[in-house]
Amino acid sequence: MPDTMNQPVDTTHANDESPNPELSVVLPVYNEEDAVADTVRDIVEQLTSQRMTYEIVLVDDGSVDASAACIENIDNPAVRMVQHPYNIGNGAAVKTGIRQARGNYILLMDADGQHLPSDIPRFLELADRYDMVVGARSNPANSAVHRNIANRLYNRFAAYVCNHSIDDLTSGYRLVRAEVAKSFVYLLPNTFSYPSTLTLAVIRAGYSLTYIPIEVNRRIGRSKINLVVDGTRFFMIILRIGVFFAPLRVFVPLSGALFMTGLLWYIYKQFVLDKGFPPVSSLLMITAAIIFCIGLISEQISYLRYERK
């Protein structure tokens, strides 16, 4: 007998024999009993007015409150709930939702009341033109100051890594073509860093991306993001994806900085202090050459991966 104890459990109101919908809305849920029912109701209202086939996939990531009961009480055949046996992470819930989604397009959004369902038609208007449409938050007053500063820094660093303008790296409100989202599921982390990873992966793989300005509400309930832990993780994710997709954008500046440091130290010791060639300069220059070669090899591996695809 196969072991299914740790597999997500699909408890669905929808008919599994129904044809695939045009749109799948994926909402990760973790202790959102105060907001999830109202959020789903507003989403249904918007999608009904669009006259399109849809499903709403709510992934309960091991909630310990009444979130699951709130979802089960939603009387709508288009609503499906998938449950994790325990809390794995926000990104893990999103990945489960993407795997479970049956639509041609996947709309990712939060279940905590931050994202406005009234923006959904604006996303859908651009679905045929772009592989991914991201909602860029335009009202930072509704977010903490330290988070706004951190987001700006992440945006700048990520824009350099992928050589593409990025308006909002960490926004979780986005519409993605299903085949694109599913192709990058293996890259997404199990944490809150999944928007950063998905954005960089889409850009570096050559898919089209655009942003639309959105406003967000203050979330209902307590935030689950830790500034230090998740902030450090965001930075490492950007660095990892940068090395994965554009190695030279990371290795060349590092190599150049080490080489110039060694060269300047040599000039200072040789011509100012007249003490000959310093061993530290040799070490720095050799290290710079090694890092540059690693970058070249990584770049070739990256191209080989694209060719296999």
Side-chain angles (χ1 to χ4, degrees), residues 23-50 52 54-61 63 67 70-71 74 76 78-81 89-91 93-98 101 103 105-127 130 132-144 147-148 151 154-155 166-176 181 188 191-199 209-225 230:
L23 177 70
S24 294
V25 183
V26 173
L27 290 88
V29 179
Y30 180 61
N31 296 342
E32 305 292 356
E33 62 180 358
D34 296 329
V36 63
D38 290 339
T39 300
V40 172
R41 182 198 63 218
D42 293 342
I43 293 173
V44 169
E45 181 180 337
Q46 289 294 327
L47 293 179
T48 301
S49 66
Q50 293 295 308
M52 65 186 307
Y54 67 88
E55 66 174 354
I56 300 176
V57 183
L58 297 112
V59 184
D60 178 26
D61 189 34
S63 296
S67 295
C70 292
I71 297 171
I74 298 173
N76 188 318
V79 175
R80 293 197 289 141
M81 178 172 67
N90 181 260
V94 169
K95 290 195 289 186
T96 295
I98 291 174
Y105 294 90
I106 298 176
L107 179 67
L108 303 175
M109 59 187 300
D110 293 342
D112 57 13
Q114 287 192 83
H115 297 150
L116 303 178
S118 57
D119 286 322
I120 292 177
R122 299 171 57 219
F123 283 89
L124 297 177
E125 287 176 1
L126 299 172
Y130 297 94
M132 185 164 73
V133 183
V134 179
R137 290 160 289 189
S138 58
N139 57 333
N142 279 354
S143 300
R147 289 184 62 180
N148 294 329
N151 284 335
Y154 296 144
N155 291 344
I166 293 179
D167 295 342
D168 195 335
L169 180 67
T170 60
S171 172
Y173 200 178
R174 55 187 63 206
L175 178 72
V176 195
L188 305 184
T191 62
F192 288 99
S193 307
Y194 79 87
S196 310
T197 306
L198 184 57
T199 297
L209 164 70
T210 191
Y211 292 89
I212 61 173
I214 62 170
E215 293 189 357
V216 295
N217 293 327
R218 285 193 177 274
R219 61 163 286 117
I220 299 174
R222 184 176 61 86
S223 175
K224 304 172 185 67
I225 296 180
D230 289 298

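If you read the sequence from its start, that first residue is 1, and numbering goes on from there.
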| Derivation of the side-chain contact (heavy atoms from CB on, under 4.5 Å) call for Val59 and Val94 | CA-CA 7 Å; Val59 184; Val94 169; over 6 Å; no
| Should Leu23 and Leu124 be marked as a side-chain contact (heavy atoms from CB on, under 4.5 Å) after you check the CA-CA gap, both sets of side-chain angles, and the distance that decides it? | CA-CA 9 Å; Leu23 177 70; Leu124 297 177; 4.2 Å; yes
| request: Could you walk me through whether Leu198 and Leu108 pass side-chain contact (heavy atoms from CB on, under 4.5 Å), step by step? | output: CA-CA 11 Å; Leu198 184 57; Leu108 303 175; 4.2 Å; yes
| message | Before you tell me yes or no, could you show the steps for Arg122 and Val133 under side-chain contact (heavy atoms from CB on, under 4.5 Å), namely the whole-Å CA-CA distance, both residues' side-chain angles and the distance that decides it to 0.1 Å? | response | CA-CA 10 Å; Arg122 299 171 57 219; Val133 183; over 6 Å; no
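One finds the CD1 atom of Ile43 at 7.5 Å from the CG atom of Leu58 (value rounded to the nearest 0.5 Å). Considering CD1 of Ile214 and CZ of Arg137, their distance stands at 7.0 Å, rounded to 0.5 Å. Leu107 contributes atom CG, which lies 8.0 Å from atom CG of Leu27 (distance to the nearest 0.5 angstrom). In this structure, the separation between CE on Met132 and CZ on Phe123 is 10.5 Å, given to the nearest 0.5 Å. To the nearest 0.5 angstrom, Asp167 atom CG is 11.5 Å from Ile212 atom CD1. In this structure, the separation between NE2 on His115 and CG on Asp110 is 4.5 Å, given to the nearest 0.5 Å.
Of all the heavy atoms in Asp112 and Glu32, the pair that sits closest is CB-OE1, 3.5 Å. What you find for Ala127 and Leu175 is that their closest heavy atoms are CB-CD2, 3.7 Å. Closest of all the heavy-atom pairs between Ser67 and Val36 is O-CG1, 4.4 Å. Between Gly97 and Val57, the shortest heavy-atom distance links the atoms CA-CG1, 4.4 Å.
One N or O on the side chain of Ser171 and one on the backbone of Gly135 form a donor-acceptor pair closer than 3.5 Å. Put simply, the side chain of Tyr173 gets close to the backbone of Leu116: a donor and an acceptor are under 3.5 Å apart.
Counting only heavy atoms from C-beta outward, the side chains of Pro28 and Asp61 never approach each other to under 4.5 Å. Contact check for Arg174 versus Thr199: side-chain heavy atoms found under the 4.5 Å cut-off. Tyr54 places none of its side-chain heavy atoms less than 4.5 Å from the side chain of Val25. Looking at heavy atoms from C-beta onward, Ile74 lies out of side-chain contact with Val44 at the 4.5 angstrom threshold.
Remark: the Ser24 side chain and the Arg80 side chain contain no N/O donor-acceptor pair separated by less than 3.5 Å.
Within 6.0 Å of atom CD in Glu45, 12 or fewer heavy atoms from other residues, nucleotides or ligands are found, so the atom counts as exposed in its surroundings.
Taking Tyr130 as the reference, nothing meets the ring pair (Phe, Tyr, Trp, His ring centres under 6.0 Å) condition, with sequence neighbours excluded.
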